[in-house]
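Within every chain, numbering begins at 1; the chains are lettered A, B, ... in the order of the sequence lines, protein sequences first and strands thereafter. Since we're looking at a predicted model, the values are computed, not measured.
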Amino acid sequence: MAAICLKVKEKTEVTTTYFLFLRKRSQTAAAMAKLILLLLKCILFCGTVYAVFEDQVGKFDWRQQYVGKVRFCHFDGHMQSSKKVLLATESNVFAALNTRTGEVLWRHVDKTGPEGNIDAFLQNGQDSVLVVGNGRVLRSWETNIGGLNWEVVLDSGSFQSTCLVGQQGTVKNVAVLKKTAISLHYLSNGHQKWIENLPDSDTVDYQTVYSGGNGEVYVLGVVPHSHIAVVAFSVDDGEILKQSSVEAPWLSSIPESCQIVDQEMLICVDSTTMSLYTLDLTLQLQMNQIPLQSLELEVDPDFRPSLVSHQPNPAKQPLSEFFLQLGPDRYVLLQFNSGQIVMLRDFKPALLVSFATTGEKTVAAVMSPKNKTVSIVFNVLYYVAPATQASTINLYNAETGRRLLDTTLIFTMDPNGGKPERLNIQAFLKKDDSVGYRVMVQTKDHALTFIQQPGRVLWTREEALSDVLTMEMVDLPLTGTQAELEGEFGKKTDGLMSMVFKRLSSQLILLQAWIAHLWKLFYDARKPRSQVKSDISMENLSRDEFNLQKMMVMVTASGKLFGIDSKTGGILWKHYLENIPSNAGFKLMVQRTTAHFPHPPQCTLLIKDKDTGLASLHVFNPIFGKMSHVTPPALPQPILQSLMLPFMDQDYAKVLLLIDDQYKVSAFPSTKYVLQQLQEMAPTIFFFLVDSSQGRLSGYRLRTDLSTEQIWEVILPTEIQKIVSVKGKRPNEHVHSQGRVMGDRSVLYKYLNPNLLAVVTESTDLHQERSFVGIMLIDGVTGRIIHEAVQRKARGPVHVVHSENWVVYEYWSTKSRRNEFSVIELYEGMELYNSTAFSSLDRPLVPQVLQQSYIFPSSISTMEATLTEKGITSRHLLRIVSLPKMFLDPRRPEMASEQSREENLIPYAPELMIRTEWFINYNQTISRVRGIYTAPSGLESTCLVVAYGLDIYHTRVYPSKQFDVLKDDYDYMLISSVLLALFFATMISKRLAEVKLLNRAWR
Amino acid sequence: MARVLTNNRAGVFCVWLFVSINLVNSNNGRRASDGLEAEFNGLSVPLEHSFELDDVAKFQLRGSLMLKTGREPSVSLNQNQLSEEDRTKLKEVAAVDGLYRIRVPRVFLQADKQTEWQTEGHLTAFVRACAMVESHLSDVITLHTDVSGYLIGVSIVTLPGACRGIEVEDEVDLEVFNTTLSIMAPVNAPGPETALFIQRMEQEFEKKGKNPQEQKSFFAKYWYLILGGAIFLMVSNSAQPPAGGGREQS
């Protein structure tokens, strides 16, 4: 009895606390009065809620936080035992990572675009100073907890350079150099100490600011191909102490070719004259030329040499040693010694170099490929897939160039990753006063690898995932045994006996697998619970009962592809595509699913250069990430459009059609069978092209010789409106019912045109009275305009979702200054025109169009429809909202009538309230969501949702609640004990009845 | 692709926007337009069609569209009969499942000057030739304009629309077009209807105010439930002390 009572109480809590989405399940039996109240509420409210319980957090969902491609990196070095690395990234994120685990300790996400761009990052003790937004803001962060110390808005002017300024061994100021002025700020509170205009700033291009800790700030500018201008300011009051110009006709950019070493000594390298130039900034007489030949050095042909120097403490002078890069794999360590340059060591081959300081010791780290000769052989042998390449990192004494003992670290390059790009060394003093170090290697695929001696990888972060462009979810394959069974039926019969043997052998395999499974269960049961991890590896990758676990194939902007397990979020495979143009557009298509054993699943990625239109194909297996042995066709012409046909070739791969700029069509795979099929089907293959620059929508039909012909054309004048998006329907969606049952038991049939396109336009006139958003529904086959509407006094950005028989779009109302939703639904009417099949060519009647609009109290960045049946998932700035489609229904009546109540229509309310339980990611903030992907699962009730952007979030949603799954806390004990009790009760009563009958018979 | 218009005999036009549909049924286009031309100085644009065996478009004049502006914009069609030659060709094209295409030039219906209404290019649409034949040339042509009066698209469907392979015996059926013509401007999409909603809320509020029964206090309304619940709990509590047995599963 008590148990039942408690259950009721749980339920009541769920139903009543509407404004909490993390609900605590009751822990103890509460006081009686409270129970009464709860019971009452249980009776009063019978609404249901979709939110998760507290103990379900993280059970069906996971979130991964990223920071983006690292631009600046500093190890928190003010304490010997610090476990922090501070990163400023190209995604405008400033974050601290735990160096032991690689997890994000804290993270600050700034505005996107140039406004939040991090220009510079200086580190001093516990403070991090950032210049943000092209010199707009100067910020100081406290690195321990990530709090903001101070923030000052700087005077306008484009940012050039910044440096810390120290005096008498302590750093107190920060200097910021802008195009026309230099300002000095206090590090403690950000207040401006002084600001000075730069002399002749209209002719001189000031580029660098430098301070060596002696009370002077040097500003270096250049008049290209003429001279260097040097201005020295006093740190105390900003007075110009010295000003001079030195001839340097070969110099164009100071940061690219010059560095400051030793005591105010500017060293530049010039590739045309093959010389080093030195200039003493204190004397400022003239440049001193030292030809590289005199040092017996030679620059590789077509290579621009560069310099690397190091200033361990901003209050002290830089090292007198510096690196000179002479070729892509050659560095020399040079020393500037009283006017002379001495070579300390020649590093060849060396991929990357870096300086690091700990205490008073400064070391140079050099990464060089291990066993170069061997790797060359490897490269020749396996040109396509080079073998795992290893590099070694060694430490050298910066002052002498001598190698330090026991400092070798082996870095094994991931064959599916990019080349290393930068070394970040965290050096520390060991107990015996020798230098130990860890290294964070940045690779070209935006990955960070943190390595400890002698080569143990502590963690790897795939920062490429912060920029996912497109993704697909692929079903996992069946297990080996399941596939074996499947294969048995797939093959042709070879006779009775062999079939019997095959059947027996597959049964044996099943038995074996079952025993192995039992053994594993038994083995795991003995271990403590925390140790049993359900780790997913390639071997045990298989479909689960309800197909809830899938492979997420993600394509990132860096050109790296990932295969991620949707259950845990673990990366199962990765593949880096080199030579991806920076402005590439990607389109990922699943050509063959896992359903066609023994043919492997196949995905095709179309990579298109947005400028030239030239494209290439990458064909791979989505489960293992391996490149397919199928060679994709070379595409010499720019590609306009690609489309996947619903029919398959004899290997069950769907046919991909590519239309080039000559309107010629090529097929992939292009076997004879496919071409023959194409010829037969040609008159029924239509496609459309959108040219938004000319406002032209045109339809084409395929001819039997694989050329195309234009069959319709719609032109929207670009001076009035421009096409912003064209949305078709997803080819894999299923419509669960053909019509809607009305209150009077008649059926209103939906207009389900699979070829329908929703074209959204925005007016070119942006005046708030005259701007409008246009929505047009066009049949993609015939070009027929089914419906055309304008939303007056509205503006974009418009987000559109198109599914089934409805289109939902969101826009900004300029008149009322709010976000509004509008929904259009199409109905055929009370009877279907042709109920057996839909053909765009044979639908003469125009559908009924219903439309209603609502106010939405929040802005939206992305919308997507769930793929099972109903519910549209929209997105709030930071959180994701799952909005039931029921609320977006143009048939919501003004006044609730008897009939509409029968249909379950909600009376019309102009405002759509966001209920807190609609947030599917409860309190887990997801930054900068760029897209939402939805995929159906094996359970009809469940839809998998992935939101990607800076973070990746995966969860399940149940648009119609979990009608086909028992609840997590379903009381199996109670139901089975009741059943058993009933069973025994019947048995006993039967026995008793028999005895009674017998007794009566005797009587 | 874009061709310069060949036909321009036009006047000054202005289409009243957002009047959704205006139908002019022209069974015999010639007669209808005769009457109309007397009343207004209309803009006339050619309606061309093409049906070829090799499916290479070769547009010929089918008729001329008379576009009228004013308070009630309308369109009427003045079209020729199909010649003997064309009829046989159409039937042949229908037999090989060719296309019947139409096109109209892009025009701007709000231009003040005659020279301005023409813009480069045509708008095209198609139906299957067999549908044209089987429907005995009964087609529905719709012209679509945008908000400012540019013609943006044309669509053609036949009634009935299906190709069932019925032989059209009588040549006379393919002589005269039976065209339903309409011009459509975009409709205004509704905004959120706040005024009606507020009105309704006020009504409901008034209704509630009139009904004093609704104003009862919480305990007055649900005393019986509270009492029942209390008794129920007391009975259950005294029957069995609260044990943790039921909690373990959750």
Heavy-atom proximity to chain B below 4.5 Å, by part of A:Arg818: side chain
A:Tyr811: partners by ring-ring contact (aromatic ring centres under 6.0 Å, His included), with sequence neighbours left out: A:Tyr809
Check: A:Ser771 side chain, A:Lys793 main-chain N or O, donor-acceptor pair, under 3.5 Å: no
Donor-acceptor pair, side chain of A:Ser698 and main chain of A:Trp712, under 3.5 angstrom: no
Option in A:Leu697, A:Val714, A:Ile855, A:Ile715 with maximal non-hydrogen atom pairs under 4.5 Å from chain B: A:Ile715
Contacts of type ring-ring contact (aromatic ring centres under 6.0 Å, His included), residue A:His787, not counting sequence neighbours: none
B:Thr158 portion near chain A, given a 4.5 angstrom heavy-atom threshold: backbone
Contact winner vs chain B - A:Ser816, A:Ser822, A:Pro717, heavy-atom pairs under 4.5 Å: A:Pro717
Step-by-step salt bridge (charged side-chain N to carboxylate O under 4.0 Å, His left out) determination, B:Glu52 to B:Lys89: CA-CA 8 Å; B:Glu52 298 293 328; B:Lys89 193 163 84 180; 3.2 Å; yes
Salt-bridge contact A:Glu762-A:Arg795 (side-chain N to carboxylate O under 4.0 Å): no
Under 4.5 Å from a heavy atom of chain B, the part of A:Leu716 involved: both
Chain B neighbours within residues 772-782 of chain A, where any heavy atom lies under 4.5 Å away: A:Phe772, A:Met776, A:Val781, A:Thr782
Salt bridge (Lys or Arg N to Asp or Glu O under 4.0 Å): pairs with one or both residues in residues 134-145 of chain B, sequence neighbours excluded: B:Arg62-B:Asp139
Partner of B:Arg106 by side-chain contact (heavy atoms from CB on, under 4.5 Å), out of B:Ile152, B:Val154, B:Leu123, B:Leu151: B:Leu123
